[in-house]
Structure formats: structure tokens, C-alpha cells
2 protein chains.
Amino acid sequence: MDISVLHNSILFKGFDDTEIAELMKALNAAEKNYKKGTMIFSSGEITDKLCFVTAGGVTIESNDMWGNRTILNLVGKGQFFAESYALLPDVPMLVDVCAAEDCSIVFLSMKSLADLNDTIRARLLANLLTITTRKNLHLSSRSFHTAPRQVRGRIMAYLNTVSVQKHSREFDIPFDRQQLADYLNVERSVLSNELSKMQRDGLIRCRKNHFEII
Amino acid sequence: MDISVLHNSILFKGFDDTEIAELMKALNAAEKNYKKGTMIFSSGEITDKLCFVTAGGVTIESNDMWGNRTILNLVGKGQFFAESYALLPDVPMLVDVCAAEDCSIVFLSMKSLADLNDTIRARLLANLLTITTRKNLHLSSRSFHTAPRQVRGRIMAYLNTVSVQKHSREFDIPFDRQQLADYLNVERSVLSNELSKMQRDGLIRCRKNHFEII
DNA sequence: GAAAGTATGTTGTAATTACAACATTTTGGG
DNA sequence: CCCAAAATGTTGTAATTACAACATACTTTC
């Protein structure tokens with residue numbers, strides 16, 4: 001197991017190595033590996049496991065009965081997912097979680113939270129709050145990216161956000177074309193087409209997942 | 001101030017009247033009234049106030065420079081909003097908050113959280129976690145409602161969710177036509193038109209904000 | 001209860017998207 | 001290096017949506 005990435009995570013912020021080791025034990029930490037494309041959770045499942053990506057990445061997505069995929073979020077190395085379901089253990093998952101590439105996930109049992117002493121628990125809860133509130137902002141962001149009615153507007157909304165985050169007009173995005181299309185809720189072919197037009201119009205330059213805003 | 005609605009809120013779950021009174025003081029609780037249409041927060045503002053609706057309701061929305069409105073959420077009596085921004089006090093708001101009708105809001109200062117003792121704080125943080133995780137599920141829900149490419153699919157996705165929540169095929173929705181259109185990210189006229197077609201097709205019956213799924 | 005204002009429904013046309021089919025480029029084994 | 005597979009780009013047509021303009025219904029106020 002990759003210790004350093006967990007030690008640097010938001011969840012354990014402010015905890016020293018000894019405390020983290022104890023918490024890992026108390027929360028039944030267990031790591032598992034997944035091949036690209038594997039489904040880690042399916043819609044309808046129940047879980048009390050807070051999940052942490054130690055390697056690779058996963059997509060949080062919804063797949064309807066006609067095979068349409070909507071990507072809500074991409075969770076990369078060093079980030080958490082399923083925190084809402086772990087903390088509301090009655091609620092069945094509304095989403096699928098899928099390995100976007102080969103990946104390793106650490107599972108932490110949240111039902112064990114109640115056993116911790118108040119001080120440790122308060123510190124951990126404060127960190128969990130940071131995780132959930134940040135996730136909230138991510139979900140809001142996606143809403144703004146999909147809000148424009150037209151494909152070009154959605155692309156620009158998304159690219160602007162990434163550009164601001166990376167403090168640069170030139171950056172890589174974590175999505176391939178199909179994933180970006182499913183994230184922005186548009187047809188892949190329409191996305192490709194629009195990206196071409198935007199390059200012809202001198203708005204952007206792009207090659208694969210490298211983008212430049214002009 | 002309407003005490004009972006605050007006492008029954010998720011935030012104070014498990015606290016007795018004396019504790020709640022102390023907490024209200026510690027968190028500088030203050031109530032304010034707003035007329036329908038008033039903007040309570042604007043995009044870009046910073047706040048550390050957790051907000052609670054004691055009467056009426058507000059919309060969490062995004063208004064772009066062309067006057068297009070996207071409603072992310074409708075927050076009614078007994079519910080909280082701005083919790084993400086209150087808990088991440090560096091982050092400027094991405095959204096506007098607008099009084100959907102005449103309403104009363106209680107503001108609770110979250111910067112005072114650190115002063116509480118561990119036990120009280122752990123209990124309060126646990127409740128805050130419930131608020132943020134539920135908000136997360138709400139935001140996810142909206143993503144599913146706006147995921148279908150076609151207007152009819154979006155309407156059905158939304159109505160199904162409401163129907164399941166209310167355990168009935170017949171129910172009222174909290175939106176008027178313009179709000180529903182802005183929530184589902186479609187044109188109001190297209191929404192009205194599609195609702196008419198769906199009634200002709202025998203899928204639903206509706207009058208004003210009362211709906212029945214057939 | 002009339003008038004004014006607001007909300008909702010209807011319709012037509014221009015613009016956009018969905019979808020399918022196919023071309024081209026890139027990637028990963030052997 | 002070549003081949004197969006995957007990813008990305010292109011194009012055309014049918015279907016859908018955006019937008020504007022207007023009709024109707026419902027509410028509020030005087």
C-alpha cells in the first residue's frame with residue numbers, strides 16, 4: 001500500500017504517523033486493485049466505505065438503460081469518493097463507479113467512526129466536512145459546465161474552469177474525447193466537430209487532451 | 001424568530017433546548033427577512049454564515065451574462081444553504097441565492113465553531129456532515145434530471161424522483177413553469193409545449209404545479 | 001368586477017443537435 | 001515495423017430545440 005499518498009490526504013490532515021496508523025486499523029483500511037473498465041460500485045448498492053484512490057482514477061457516472069453514460073466526476077489519485085454514501089449508510093448509491101484506468105482503492109469503514117474518542121472524532125469529522133464540501137463545489141462546477149445550451153458554450157465553460165485552476169492558458173485535461181462528451185452531456189462526434197470549428201475560428205488549439213485557449 | 005423550526009432542524013438533532021440556546025448565542029444567530037425576488041447572496045461573495053430558512057424559500061441559481069438562469073436547487077422552510085461556503089470561508093460563491101418568495105433566514109457564524117468544546121463540536125460536526133452529504137445527493141439528483149438529451153426525458157426523470165419521494169403518483173411540485181424550465185435547463189415555451197404533448201399522449205396529467213403520472 | 005399585470009400555452013422558423021456511417025489517426029502488441 | 005484495435009475526426013440527414021411573437025388563462029388590485 002502506498003502510505004505517503006494517504007498520509008498527505010485531506011482526511012488525515014493534522015494527524016501524525018502514529019495516529020494515522022491507529023485510525024487505519026480502527027477504520028479497517030483495506031486496499032484493492034482494479035483493472036481499467038472494472039465496475040467498483042453499481043447503482044443501487046449500499047456501502048459504508050469511504051474510498052480513497054491511491055493509484056489511477058475512477059469515474060463517477062450514471063448509465064441509463066439505453067447505454068447513455070453521464071460522467072459526474074473524475075476522481076484521481078489522492079482523492080476520495082463515495083463519502084456521501086459512506087456517511088448516509090441507508091441510502092443506495094445513485095451512481096456507478098468505474099475504473100477509468102488500472103487503479104488501487106483503499107476502503108475505510110465509516111461505521112467505526114462512533115467508537116473513536118471525541119477529540120479524534122471531532123478532528124476527523126472536520127476533515128470529512130472538508131471532503132464533502134469540496135465535492136459539493138465540484139458537483140456545482142459541473143452544473144455550470146453543462147448549463148450552456150450549446151456545445152461551444154459548454155466546452156468554453158469547462159476549459160475556462162480548468163484554465164483558472166491551473167493558472168495557465170495551456171493545460172492538459174483528464175478526459176479523453178468520449179469522457180469529455182459524457183461529462184458535458186453531448187455527442188462525442190458533435191464535440192469533435194465543434195472542437196475543430198473552434199480551432200478554425202481561432203478560439204483554441206488542441207491536440208489529444210492538451211488544450212490552449214487563445 | 002420561529003424557534004420550533006430551528007429546533008427540529010438536522011443541525012440541532014440530539015441537542016436539548018438549553019444546548020440549542022447556547023449554541024445559537026455562540027454562533028451569533030441572527031434572523032433577517034427578504035421580499036420575493038431579493039438577492040440574498042451574489043456570485044463572488046464570501047461568507048462564513050450557515051443559512052437556515054425559517055419561512056418561505058430561496059433558489060440557488062446561476063445567472064450568466066446573457067440573462068440565462070440555471071436553478072441548481074430550491075431550498076425550503078426547515079432547510080439549510082450556503083453550508084459549503086460557510087465551511088470553506090476562502091472560497092467565493094459560485095452561485096446567486098434569491099428569495100423565491102417572501103422569506104426569513106437565520107444566519108449562523110461558522111468561524112465560531114472552533115471555540116466549542118470537543119464533545120459539542122463533534123456532535124455539531126456530525127450533523128453538519130449530514131447536511132452536506134444530503135446536499136450532495138440533491139446536486140447529484142439534479143444531474144440525473146438534466147442528463148437526458150431530450151426535454152421529455154428530463155421532465156420524466158424529474159417527475160419520477162418527486163413521485164418516489166412523495167410515495168404517490170399524484171403530487172405538487174415546488175416550481176412554477178419558468179423555474180422548472182430553469183431547473184431542467186430547457187426553454188420555458190418548449191417545456192410548456194412538451195407538457196401539453198405528454199398530456200395528449202396520456203403520460204401525465206397536470207394543472208399548474210399539480211402533477212399526476214399515468 | 002374591470003383592468004393591468006403575470007403566468008402559461010401555442011405556433012412557426014431558423015439554428016442546433018442526434019445519430020449513423022465512414023475516414024483518418026493514434027496506440028499497443030506481436 | 002506491421003497489424004489490429006482503439007480513438008478521434010468528418011459529413012449528411014432527420015429530429016429536436018431555441019427564440020420570438022403572440023394567444024389565452026389566471027391573479028391581484030383598485
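Chain letters run A, B, ... following the sequence lines, proteins first, then strands; residues in each count from 1. What's counted below: heavy atoms across the whole structure, side chains too, no hydrogens, waters or symmetry copies.
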Engineer: Taking CD from A:Glu187 and C1' from C:dC22, how many angstroms apart are they, rounded to a whole number?
Structural biologist: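 Roughly 15 Å, once rounded to whole Å.
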Engineer: Please report the distance, rounded to the nearest Å, between CG in B:Leu184 and C1' in D:dA18.
Structural biologist: 16 Å
Engineer: Distance check needed: D:dT24 P versus B:Arg177 CZ, whole Å only.
Structural biologist: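 In whole Å, D:dT24 P and B:Arg177 CZ are 19 Å from each other.
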Engineer: With nearest nucleotide decided by heavy atoms, which residue, A:Arg207 or A:Lys197, maps closer to the 5′ end of DNA chain C?
Structural biologist: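 Closest to the 5' end, via its nearest nucleotide, is A:Lys197.
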Engineer: Are any side-chain N or O atoms of A:Arg142 and backbone N or O atoms of A:Leu184, one a donor and one an acceptor, separated by less than 3.5 Å?
Structural biologist: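 The answer is no, because no donor-acceptor pair under 3.5 Å joins these two groups.
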Engineer: B:Asn193 has a side chain; which of C:dA7, C:dT11, D:dT10 sits nearest to it?
Structural biologist: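 When the side chain of B:Asn193 is considered, C:dT11 is the closest of C:dA7, C:dT11, D:dT10.
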Engineer: C:dA7 phosphate, OP1 or OP2: any side-chain N/O from B:Arg188 under 4.0 angstrom?
Structural biologist: no
Engineer: Please determine whether a side-chain nitrogen or oxygen atom of A:Arg149 lies at a distance below 4.0 Å from atom OP1 or OP2 of D:dA18.
Structural biologist: yes
Engineer: When all nucleic acid strands are considered with a 4.0 Å heavy-atom cut-off, which category describes B:Ser196: base, sugar-phosphate, or nothing?
Structural biologist: sugar-phosphate
Engineer: Between B:Gln199 (side chain only) and B:Ser196 (backbone N and O only), is there a donor and an acceptor less than 3.5 Å apart?
Structural biologist: no
Engineer: For A:Arg154 and C:dA18, give me the distance from atom CZ to atom P, rounded to whole Å.
Structural biologist: 8 Å
Engineer: Where does the angle between the aromatic ring planes of B:Tyr34 and B:Phe107 fall among parallel (under 30°), tilted (30 to 60°) and perpendicular (over 60°)?
Structural biologist: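 Plane angle over 60°, so perpendicular.
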Engineer: Is there a donor in the side chain of A:Asp96 and an acceptor in the side chain of A:Ser43, or the other way round, less than 3.5 Å apart?
Structural biologist: no
Engineer: Less than 6.0 Å separating the ring centroids of A:Phe41 and A:Tyr85?
Structural biologist: no
Engineer: What's the closest nucleotide to the side chain of B:Ser192 if the choices are C:dT17, C:dT10, D:dT10?
Structural biologist: C:dT10
Engineer: In whole angstroms, how far is the P atom of C:dA7 from the CG atom of B:Leu180?
Structural biologist: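 Value for this atom pair: 15 Å.
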Engineer: Hey, can you tell me if B:Phe80 and B:Phe52 have their rings parallel, tilted or perpendicular (30° and 60° cut-offs)?
Structural biologist: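 Correct class here is tilted.
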Engineer: Of all the nucleotides listed (C:dT10, C:dT8, C:dA20), which has the minimum atom distance to the side chain of B:Ser189?
Structural biologist: C:dT10
Engineer: B:Leu195 has an atom CG; how far is it from atom P of C:dT8, in whole Å?
Structural biologist: 11 Å
Engineer: Could you give the CD-to-P distance, from B:Gln178 to D:dA18, as a whole number of Å?
Structural biologist: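 My rounded result for the distance is 13 Å.
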Engineer: Measure the distance from CZ on A:Arg200 to P on D:dG9 and round it to the nearest whole Å.
Structural biologist: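 For the pair A:Arg200 CZ and D:dG9 P, the rounded distance is 11 Å.
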Engineer: For the side chain of A:Gln150, counting heavy atoms from C-beta on, which of C:dT17, C:dT10, D:dA7 is nearest?
Structural biologist: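 So the side chain of A:Gln150 is nearest to C:dT17.
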Engineer: Under 3.5 Å, which N/O atoms of the protein pair with N/O atoms of nucleotides 4-6 of chain D?
Structural biologist:
none

Engineer: When you measure from the side chain of A:Asp176, which nucleotide among D:dC26, D:dT17, D:dT8 comes out closest?
Structural biologist: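 That would be D:dT8.
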Engineer: Quick one: do the B:Thr59 and B:Gln179 side chains pair a donor with an acceptor below 3.5 Å?
Structural biologist: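 No, no side-chain donor-acceptor pair sits under 3.5 Å.
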